[in-house]
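In the text below, chain A, chain B and the rest are named by the order of the sequence lines, each starting its count at 1. Because only heavy atoms are used, hydrogens play no part in the values below, and waters and symmetry mates are left out as well, while side chains stay in.
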Amino acid sequence: MDSIGSKTSVNFIQEIIDNDKKANKYNGRVHLRFPPEPNGYLHIGHAKSICLNFGLAAKNGGLCNLRFDDTNPSKEDMEYIDSIINDVRWLGFNWGDRLFYASDYFEKMYEYAISLIKLGKAYVCDLSPEEIKEYRGSFKEPGKESPYRNRSVEENLDLFRRMQNGEFPDGSRVLRAKIDMSSPNLNMRDPVLYRILRATHPRTGDKWCIYPMYDYAHPLEDYFEGITHSICTLEFEDHRPLYEWVLNTLNLPDPPQQIEFARLNLTNTVMSKRKLRKLVEEGYVSGWDDPRLPTISGLRRRGYTPEAIRNFCDRIGVSKSNSVVDIRFLEHCIREDLNLRAPRVMGVLHPLKLVIVNYPEDIVEEMESENNPEDSAAGTRKIPFSRILYIEQDDFCESPPKKYFRLAPGNEVRLKNAYIIKCEGFIKDEKTGEIKEVHCTYDPESKSGKPGAKRKVKGTLHWVSAAHALEAEVRLYDYLLLDQNEVAEEQGEGKDFINQLNPNSLEVLTNCLVEPSLAGAAPGSRYQFMRKGYFCVDPDSTSDKLIFNRIVSLRDTWDKIRKANKNQKF
RNA sequence: UGGGGCGUAGCCAAGCGGUAAGGCACGGGAAUUUGGAUCCCGCAUUCGAAGGUUCGAAUCCUUCCGCCCCAGCCA
């Protein structure tokens, strides 16, 4: 019932919106915004927020703006602006002509700051950063009032203008709100509103040398854009009184309301900008779009679809409790999506030569194969079959364990869309134990589609024809981080997430063989390699050298049985 | 330590005084030319704990316990 696109239960934010609409608050308008700071790449945690904001707007006949919160030029960059725009669009959202920047409002914000000064609600403070910290007090002790707190309006006006004029060095003065130095909420102890900062802004260049702080800028940005519900994450809960203070003190009508929800955490990966940056900058991964990262660009390169990501975000729910979503749920979402639409192909990751000894040497048959059993409209294709094939090394076992349905001496197995074969022998390198090739006979009556194919055989294998297969590189990805318990076992609890990194998060296979229909497969196209998983053609792929990224493996019950058996020994 | 939040299954999460939805994971089975997909079945006598109110409490009250966030001129 609750599959793709079906209803999810109403979350607490929707409830607030429902009540506001009922009460005709904001004249029934619903206007949201996604307000990233352009200081990093978007990740799936942002996707949760994007889906929430744009989704809520759509559901309620409202609008959602894209707005860059670019109030700190020392950390922000045009590169990030471009990537964020690209990612939000790729996820499938549309902000119409409502692309905004906090920096668009610097002039207005400055004017409102002057109003605050005139109201006696803001003052220029000459304390150093260290002194301000000292004066702020602590959790148990109230703060002390700044000696500059009671300057006259005229003096404040004059000093603030001169701050803006560039007459003072960076860090020498700030504009502060005059609220309450003994508030139990530290955010209300005369917070800084403006700081002097000489840094070239990505959009306004060197026009300004003072920049508003988030707590002052954000409520105003929301107000300027007619935002009704300003959704942010839990850590801003303590800032809400300040958000409201700015709007109320300035006496702005229909003030937006801030609502907080829990950010997304995922198992087996990292989500903080700091950690992602460390991985990228210190070369633990290949870049922001490394397919192992939970960045939008990484997921895109890995082969995740926007639909799967959106579906995931819609299904994890929205609440206020700190939670960690199992990454396997994300994997479920991409499997569910790709199962329905990824064409099936055959690709052998670890090739093992298989000779059909009773099959003519000079014949090539074209085997008819369904492109997608979940979608008959996907049609069929022909796959060449011949005497010499390659199968998966795993699919042959000299002395098979219990419940092994694959090829073993004397065993019969079906080759997908071809014939039933029987293992008659194999060649083994006695020194290394390596199986060099497997010899089989085929049953000519068992060709797929023919009555003789109806026989029951336990296993079905995928294969490629040696003479026709294409060489390919396949990149197998695994979780970026080990499970918490594995880490404890293997290296004794490290505090640094670096020693939690999975050493096997990337395995590159260079000798894979895929069916010839894959020639010229376009970067970004996705396939199911039957019995193996879903794969996506990497942008590095060329017509000479195919490169596939494994998006996610198929569910593998044999693998589970195998592991269970292994663990049983003890 | 003062303030702000949050505790429902291994993980998310509904529930809003009338007797614990759903999904993931997990276990079992059916069917199967992907050990995939699909389909069945199972999976909280109990909601952080203890008291109280009530005919009736995950929902209301009290106390306690645990976890997260806050002392940037970051957002």
query = Got a sec, which pairs hit salt bridge (charged side-chain N to carboxylate O under 4.0 Å, His left out) with one end in residues 173-188 of chain A, sequence neighbours left out?
reply = Asp126(A)-Arg173(A)
message = Strictly by salt bridge (charged side-chain N to carboxylate O under 4.0 Å, His left out), give each pair with a member in residues 33-51 of chain A just once, sequence neighbours left out.
response = Arg33(A)-Asp222(A)
Same-atom distance ([atom1]) from [N] to [M], integer angstrom:
N       : M       : atom1 : value
rG42(B) : rG2(B)  : C1'   : 50 Å
rA50(B) : rC41(B) : P     : 34 Å
rC43(B) : rG22(B) : C1'   : 14 Å
rA13(B) : rU19(B) : P     : 24 Å
rA9(B)  : rC70(B) : C1'   : 32 Å
rU53(B) : rC11(B) : P     : 34 Å
rG66(B) : rA49(B) : C1'   : 10 Å
rC55(B) : rU62(B) : C1'   : 23 Å

message = Suppose we screen for side chain to side chain contact (heavy atoms under 4.5 Å, CB included). Which residues come up paired with Glu141(A), at least two apart in sequence or across chains?
response = Ser138(A)
ask   = Considering residues at least two apart in sequence or located in another chain, which fulfil the side chain to side chain contact (heavy atoms under 4.5 Å, CB included) criterion with Ser128(A)?
value = Glu130(A), Glu131(A)
message = With nearest nucleotide decided by heavy atoms, which residue, Asn39(A) or Lys133(A), maps closer to the 5′ end of RNA chain B?
response = Lys133(A)
ask   = Of Glu235(A) and Lys273(A), whose nearest nucleotide on RNA chain B comes first from the 5' end?
value = Glu235(A)
request  = Can you run down the side chain to side chain donor-acceptor pair (under 3.5 Å) pairs that involve residues 448-461 of chain A, sequence neighbours left out, and say none if there aren't any?
outcome  = Glu412(A)-Arg455(A), Asp443(A)-Arg455(A)
task = Quick one, give me the B/S/- string for nucleotides 26-37 of chain B, reading 5' to 3', where B means a protein heavy atom under 4.0 Å from the base and S means that only happens at the primed atoms, P, OP1 or OP2.
result = S-----SBBBBS
ask   = Reading nucleotides 1-7 of chain B 5' to 3', which nucleotides get B (base under 4.0 Å from a protein heavy atom), which S (sugar-phosphate only), which -?
value = BBBSSS-
key: For Asp326(A), salt bridge (charged side-chain N to carboxylate O under 4.0 Å, His left out) partners two or more places apart   = Arg328(A)
key: Test salt bridge (charged side-chain N to carboxylate O under 4.0 Å, His left out) applied to Arg263(A) - qualifying residues, sequence neighbours left out   = Glu235(A)
So what does [X] hit on the nucleic acid, given a heavy-atom distance under 4.0 Å: a base, only sugar-phosphate, or nothing?
X         : value
Leu127(A) : base
Met213(A) : sugar-phosphate
His239(A) : base
Ser183(A) : nothing

query = Phe139(A) versus Leu186(A): any side-chain heavy-atom pair under 4.5 Å?
reply = yes
key: SB check Glu365(A) Lys447(A) (cutoff 4.0 Å)   = yes
ask   = Do Asp559(A) and Lys563(A) sit within salt-bridge range, that is, some charged N less than 4.0 Å from a carboxylate O?
value = yes
ask   = Which residues satisfy the side chain to side chain donor-acceptor pair (under 3.5 Å) test with Thr200(A), sequence neighbours excluded?
value = Asp206(A)
query = Does Glu15(A) make a side-chain donor-acceptor contact with the base of rC16(B), cut-off 3.5 Å?
reply = yes
query = Of all residues at least two apart in sequence or in a different chain, which pass the ring pair (Phe, Tyr, Trp, His ring centres under 6.0 Å) check with Tyr404(A)?
reply = Trp558(A)
request  = Mind calculating the distance between CG (Asp77(A)) and P (rA75(B)) to the nearest angstrom?
outcome  = 16 Å
inquiry  = Heavy atoms within less than 4.0 Å of RNA chain B: which residues of residues 164-174 of chain A have one? Give them sorted by number.
reply    = Gly171(A), Val174(A)
ask   = Can you tell me the Watson-Crick or wobble partner of rG35(B), both distances under 3.5 angstrom?
value = none
